[in-house]
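Only heavy atoms go into these numbers, but all of them, side chains included; no hydrogens, no water, no symmetry mates. By convention here, the first residue in the shown sequence is residue 1. Whatever order the structure lists them in is the order used to number ligands and atoms, beginning at 1.
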Amino acid sequence: MRTLLKDTGSIFIHCDKSGEHIVRAILDQVFGASNFQSEIIWTYKRWSNSKKGLLPSHQNIYFYSKSKNFKFNTIFTSYSETTNIDQILQRRTRDEHNKSVYDKDSSGNIKNGDKKKGVPLSDVWDIPYLNPKAKERVGYPTQKPILLLERILKLVTNEGDLVLDPFCGSGTTCVSAKLLNRNYIGIDKSSEAVELTHERLVNPIKTESNLLKKGRDSYVNVDKDALSYLNGIEYNPVQRNKGIDAILLEQYENSPILVRVQKDGEPLDQAASLLAKAMKIKKSKKSILIQRAIENNLFENMIDFKGMKIVLSPALQISHLIKKS
Ligand SMILES: C[S@@+](CC[C@H](N)C(=O)[O-])C[C@H]1O[C@@H](n2cnc3c(N)ncnc32)[C@H](O)[C@@H]1O
């Protein structure tokens with residue numbers, strides 16, 4: 001591959017954890033340590049497994065160039081939430097003590113800086129793993145997401161450039177190159193892989209990642225107020241479920257204990273119905289409904305909800321106490 005690469009070309013190597021450290025040493029020998037550019041950490045969320053030890057949730061990709069003259073297109077990403085955008089938009093200079101200070105005009109006003117493009121892409125890439133049901137999946141065990149290959153290709157190639165993957169497997173590199181108008185050559189010793197690559201090239205299917213489009217934070221739609229009622233108890237917050245806000249870590253007779261907090265303006269029997277439905281689906285034998293609003297005829301309505309306990313919110317308990325006294 002080193003022989004075949006152009007002077008401006010780069011190589012990206014992925015190997016699993018059994019051999020990556022050896023691959024890195026070989027790459028240093030072949031390409032020269034000074035041509036090592038980055039170790040890319042491709043990270044993704046995984047379901048937990050029961051194996052002892054840390055849950056593996058990243059892969060390493062080594063990026064080497066053939067020479068210092070390698071082609072590189074900087075990709076910019078957005079600033080972190082903690083960045084003070086106002087501050088970075090203002091021009092800075094050094095004072096007589098070489099300290100970084102705001103640059104000011106003759107009237108003492110702070111000068112604005114050049115247009116900011118964002119932060120250059122880092123070497124940690126959060127790209128979802130192809131889930132088993134993804135449309136893009138072709139059933140090849142080591143298939144990589146097109147999004148990952150596209151990012152690599154955008155970094156070091158332009159339209160019309162030639163990309164080579166000598167271990168193309170299901171052909172993800174070739175498909176990504178085609179989608180980005182690059183030329184490509186794929187090689188694989190398995191005729192099945194070559195056939196599959198041909199098929200994919202005829203009809204490239206790419207799974208859009210809503211996670212990447214909308215950002216991880218957009219999925220965090222837990223009811224934070226509701227969860228504040230559970231401070232001090234161990235629980236898992238539940239997202240995107242109309243019936244429950246949390247599931248306790250503690251179980252009851254091998255079944256999950258579900259929690260719902262009555263929402264603003266929600267009648268208690270409606271909250272209870274939703275919780276009861278969730279209990280049925282999750283095969284839960286015990287649930288807790290936290291009541292936040294005063295209701296009449298509570299017991300008449302509640303009689304049917306087996307296994308459900310109603311707990312009064314502290315505010316409601318206090319208001320009852322005040323009434324009694
Ligand atoms: C990890 S897979 C590549 C998967 C690919 N990145 C994808 O997204 O589908 C490695 C591939 O290398 C092929 N391979 C292994 N040894 C080879 C060799 N000596 N020459 C050509 N291909 C080889 C295997 O058949 C396998 O398809």
Side-chain angles (χ1 to χ4, degrees), residues 1-5 9-27 29-31 36-47 49 56-66 75 121 123-157 161-212:
M1 289 299 288
R2 191 181 172 278
T3 318
L4 290 178
L5 265 179
S10 295
I11 184 165
F12 290 74
I13 313 261
H14 165 256
C15 177
D16 68 20
K17 63 180 179 186
S18 62
E20 65 199 2
H21 53 299
I22 302 168
V23 167
R24 168 104 193 244
I26 296 171
L27 286 166
Q29 272 182 12
V30 176
F31 285 86
F36 165 76
Q37 299 301 339
S38 300
E39 173 174 13
I40 297 162
I41 305 296
W42 166 30
T43 170
Y44 38 78
K45 292 272 180 240
R46 298 239 342 235
W47 294 107
N49 64 4
S57 64
H58 82 275
Q59 302 278 325
N60 305 48
I61 299 169
Y62 299 122
F63 164 19
Y64 281 74
S65 58
K66 178 148 178 184
I75 295 178
L121 182 67
D123 53 9
V124 178
W125 297 1
D126 185 354
I127 296 183
Y129 216 82
L130 280 182
N131 76 57
K133 288 190 197 151
K135 277 197 225 130
E136 190 180 312
R137 262 227 179 270
V138 289
Y140 208 78
T142 54
Q143 184 183 345
K144 309 285 175 299
I146 292 178
L147 282 168
L148 175 69
L149 270 299
E150 278 187 336
R151 185 172 288 180
I152 291 175
L153 296 184
K154 280 181 192 165
L155 271 183
V156 293
T157 68
D161 283 347
L162 178 58
V163 178
L164 169 61
D165 185 346
F167 303 91
C168 73
S170 62
T172 312
T173 310
C174 299
V175 172
S176 311
K178 182 173 182 179
L179 290 171
L180 294 175
N181 297 324
R182 272 69 167 163
N183 296 309
Y184 50 85
I185 299 172
I187 303 171
D188 204 286
K189 67 174 183 181
S190 142
S191 53
E192 194 193 327
V194 174
E195 228 168 86
L196 191 57
T197 300
H198 272 302
E199 279 170 28
R200 280 182 84 190
L201 283 167
V202 174
N203 181 25
I205 296 172
K206 175 174 152 193
T207 306
E208 292 292 336
S209 168
N210 285 331
L211 190 72
L212 284 192

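The minimum heavy-atom distance linking Asp126 with Tyr44 is given by the pair OD1-CA, 4.5 Å.
No more than 12 heavy atoms of other residues, nucleotides or ligands shown are found within 6.0 angstrom of CD on Glu192.
Judged by distance alone, with hydrogens and angles left aside, the side-chain atoms of Gln59 form no donor-acceptor pair with the main-chain N or O of His14 at under 3.5 Å. Here the side chain of Arg182 pairs a donor or acceptor atom with the backbone of Thr157 at under 3.5 angstrom.
Atom-to-atom distance recorded for Phe63:CZ and Phe36:CZ is 9.5 Å, nearest 0.5 angstrom. A distance of 10.0 Å separates CD in Glu150 from CG in Leu148, rounded to the nearest 0.5 Å.
Exactly one of Tyr62, Phe12, Tyr129 qualifies for a ring pair (Phe, Tyr, Trp, His ring centres under 6.0 Å) with Trp42. That residue is Tyr129.
Atom 6 (N) of ligand 1 has Lys144 CG, 3.7 Å as its closest protein atom, hydrogens excluded (heavy atom only). From the protein, the heavy atom lying nearest to atom 22 (N) of ligand 1 is Lys189 N, 3.0 Å. Considering only non-hydrogen protein atoms, atom 25 (O) of ligand 1 sits nearest to Asp188 OD1, 2.6 Å. Nearest protein neighbour of atom 5 (C) of ligand 1, counting heavy atoms only, is Cys168 O, 3.5 Å.
The atoms of ligand 1 that sit less than 4.0 Å from any heavy atom of Tyr140 are 9 (O), 25 (O), 26 (C), 27 (O). Applying the 4.0 Å criterion to heavy atoms of Gln143 picks out, from ligand 1, the atoms 7 (C), 8 (O), 9 (O). Listed by atom number, the atoms of ligand 1 under 4.0 Å from Thr172 heavy atoms are 7 (C), 8 (O), 9 (O). Of all atoms in ligand 1, numbered sequentially from 1 with element shown, those under 4.0 Å from a heavy atom of Pro166 are 21 (C), 22 (N). Those atoms of ligand 1 with a heavy atom of Thr142 less than 4.0 angstrom away are 1 (C), 2 (S), 3 (C), 4 (C), 7 (C), 8 (O). Contact atoms of ligand 1 toward Ser170: 7 (C), 8 (O), 9 (O) (distance under 4.0 Å to a heavy atom of the residue).
Proximity of Phe167 to ligand 1, defined as any heavy-atom pair under 4.0 Å, is shared by backbone and side chain alike.
Between Thr172 and Arg200, the side chains place a donor N or O and an acceptor N or O closer than 3.5 Å (distance only, hydrogens not considered).
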